Amino acid sequence: MTDPRFNPMAADARWQKAWDDARVFEASDDSDKPRSYVLEMFPYPSGRIHIGHVRNYTMGDVLARYKRMTGHEVLHPMGWDAFGMPAENAAMEKGVHPGGWTRSNIANMKAQLKRLGFALDWSRELATCDPEYYGHEQALFLDLYAAGLVYRKESAVNWDPVDMTVLANEQVIDGKGWRSGAEVERRKLSQWFLKITDFADELLEGLGGLDNWPDKVRLMQQNWIGKSQGLQFRFAIEGEKGGLDVFTTRPDTIFGASFVAIAADHPIAQQLAANDSAVAAFVETCKKGGTTAAEIETQEKLGHDTGLRCVHPFDESIALPLYIANFVLMDYGTGAVFGCPAHDQRDLDFSRKYDLPVTRVVADGDLTDPVFVGDEAYSGPGALVNSRFLDGMTIDAAKAEVIARAEAEGWGQATTTWRLRDWGVSRQRYWGTPIPFIHCGTCGVVPVPKEQLPVVLPEDVDFKTPGNPLLRHPTWKHVQCPKCGGKAERETDTLDTFVDSSWYFIRFASQPADKPFDPAVAAKWLPVEQYIGGVEHAILHLLYARFWTRALARIEMIDIKEPFASLFTQGMVTHETYARMVEGREVYFGPDEIERSSDGAVLRSDGAPVTIGRVIKMSKSKKNVVDPDDIVDQYGADAVRWFMLSDSPPERDLPWSEAGIEGCWRFVQRLWRLAGQYNPEQASGGSDKALDRKTHQAIAGVAADIEALSFNKAIAKIYDLANAIEKAAPSASRDAAIRTIVLLSAPMTPHLAEEAWATIGDGGLIAQAAWPSVDPALLMDDEVTIAVQIKGKLRDTLTVAKGLSRDELEALALGSEKVQRALDGAEVKKVIVVPDRLVNLVI
RNA sequence: GCCCCUGUGGUGGAAUUGGUAGACGCGCUCGACUCAAAAUCGAGUAUCGAAAGAUGUGCCCGUUCGAGUCGGGCCAGGGGCACCA
């Protein structure tokens, strides 16, 4: 070890090859070691690895390497979430084939990942766009269909009336199609659905057992599933035969009702529209705009009075106008609500707009006037007023009373409603898993027989016109009906890519050719011990994967109910932005075009000053991106990995900075010099108790921090140990400390650690070395510093032997000169002693 | 509009989960080494103050002997909202 500098350009590739050659990261299904399945969310192959991926995979890598060092058989696989819209956009823009584009992206990104030295089992690599993967997915889909968990129904999509195509929410900008600019409409199509609502209860219940998930994710899922209890009841309609079913969570406010509203696609609205052009016109206006909740809920609340009158269930003389309203959702409850404006903001806004009465029925204190004034609805607690037999009751008592009477009188019953809707999986797009069904004029919808799987996507497609190329492919969709042998057509919709990512973690664990997975092998690895990914997946992906696992459990294909035992959601990588006004428009510049100094930034090309903007998520449009390849070229993989782990706690955003990566590079070099000082022959041979203590505290501390995924804290402890080693005189302890710090940093800086281990280790690869063991006797300090406070204010600190009694501590505190000066003769009324921590004197 | 999160020095953050706020890193200042620079090493670095001391964890209020930590109310920034992945 004579080289004064660590040279990653040479070392990185050498050790990456050594790991590959020795196949150290390939997981064995047959090992008798304890197993550990570490998984990071697999990337979409967009073209280049993003710095956010590097952060995500570095975290998983440290854990995987640590687990291996602590004696586990580790499964740490990688694959590609390879279906999706960007490939089709590339096809339209660049004239390339989505498959070719995707596969070349995968090749590029794989090379990028390899350069970072991740301890991945590449023998299990998979891409969801391979028929070997999606064919099994089709089989699973058919199994779920056979179990009654798949069905078809009408559902709304964003329709671009100019391009005559379905748009993703992302493609709708300010209510207009992103290419055509046409006003988007909601249009109904017959689509495939998975019955996730069948599992609403158990998905909710299951959250309770996910102790190693972040609370916020569990809370978000709980709210998303949205269990609510209420009353479903029937309004009679004056002069009409049938009634109208509504659902409410606030039956207590029934005497405050001033209108009833139905969704524009409610059967009654549809029926009225057929005979009344004014209604038909209103129903049409309700179709304007996209399908997102944010859009629907923020658009102006509009209603149309149908002229029909609903009869109040407790008083036939009260007639409530029936409106069609654009904010009522057909998908939730019964698609009909009654409005109580005094106690619901949306209903109040609506009532003020259409001049409907607003009656107070819940009073907070003395405010019992039935005429409700103001523009802010009251939704807080209180007692019922102006509500006949409910007057004086609490909200809960009134709810129970109304439900009891409705049930006794037979016009309603207590009902549980869920916010969760069934999962629509149909996509009118090419680059996805073909849905394995055939439409036959005689036999209806027929599943593709399993022996005919996979239903393979045709390669010869064109993207010259908008819309799904499968629909206009000359031959692909024309098939024989498997049942009657007659002419039939394939389903041309493909599956939502969330289906692909709902079971990939099972396929990683077991990938036989003839079936989706082998349950016995999968059971050895699952559930995933630690799953790591972005918080943006807190609801959809994670809920769908939980559902899919439970669905497979219900059809007895798998033995677990929850796929991910522990979940960690990491923050984004951010960077400041650089911009300059050019002709009244903000023009952004990339970090590589900028010369940054402590007091500002100028353009490299002409020295013109630019404004340094906020630190935000890296994005192409703001040009505040850093390419992982460039920085690996410049600093080597270890410095980049170190940066990803230092400073910012992993769940928070990490601001990228040039100064920061420079600092990491310097530490890598410092660690290298430290390793070079290992020299047992020169050591005096004596031991250094203080350093031993520091070393063992570091071993225990770093291990605990890695297990808690607190990498920033683990790194702070390694810095601490490095500082202590540098200050220490040569000794056997110091050599031991050097060996230890190399082992402790091996999961983070594996290339440097291997290079150093080649000299100071015991022959093998450090990737396969054992984590150092801890001497518990060395973990404790025998002295502590205690704080002495007067009424909570720090007045002095005392360094004393550990474990002194309360009385001894109190006496020492009172003996302090500073304390006596601060007391200034005041009487001490109470003394609070926390052993080994503090003494607080209350005066 | 609805759901969720975050806020601590110049800066990223730490704080044994209610007990000495600012560990560790970056930056900066001074010094050593050098012809010089880089690298490296050493010392210092919350604010005000000469000091004693006072103030200080987005803002306001509360609970407590004691609050960055707990409760209530705001403000600001971010994530998600079912066809982006």
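Bear in mind the structure is a predicted one, so any value in this text is a computation, not a measurement. Proteins come first, then strands; the chains are lettered A, B, ... in the order of their sequence lines, and each starts at number 1.
Ion pairing between a basic and an acidic side chain is recognised when a charged N comes within 4.0 Å of a carboxylate O; A:Asp375 and A:Arg352 show such pairing.
Residue A:Arg821 has its side chain nearest to B:G53 when only B:G53, B:G12, B:A82 are considered.
On the C1' atoms, B:C30 is 45 Å away from B:G79, given to the nearest whole Å.
When the side-chain nitrogen and oxygen atoms of A:Arg795 are compared with OP1 and OP2 of B:A54, one or more of them lie within a distance under 4.0 Å. Under 4.0 angstrom from either OP1 or OP2 of B:G7 there lies at least one side-chain N or O belonging to A:Arg652. Between A:Asn89 and B:C84 there is no side-chain N or O to OP1 or OP2 distance below 4.0 Å.
For B:C83, the base has no donor-acceptor partner in the side chain of A:Asn169 [N/O atoms by modelled type, under 3.5 angstrom]. If you check distances only, the side chain of A:Gln171 never reaches the base of B:C84 with a donor-acceptor pair under 3.5 Å. For A:Gln191 against B:C83, a side-chain-to-base donor-acceptor contact under 3.5 Å is present.
Place A:Phe83 and A:Asn223 on RNA chain B by their nearest nucleotides, and A:Asn223 ends up nearer the 5' end.
By the 6.0 Å and 45° rule, A:Arg152 stacks over the aromatic ring of A:Trp192.
Base orientation of B:U69: anti (glycosidic angle beyond 90° from 0).
With ring centers used as reference points, A:Phe505 lies 6.0 Å or more from A:Tyr531.
For the ring-ring contact (aromatic ring centres under 6.0 Å, His included) with A:Trp503, the lone residue among A:Tyr133, A:Tyr134, A:Phe498 that qualifies is A:Tyr133.
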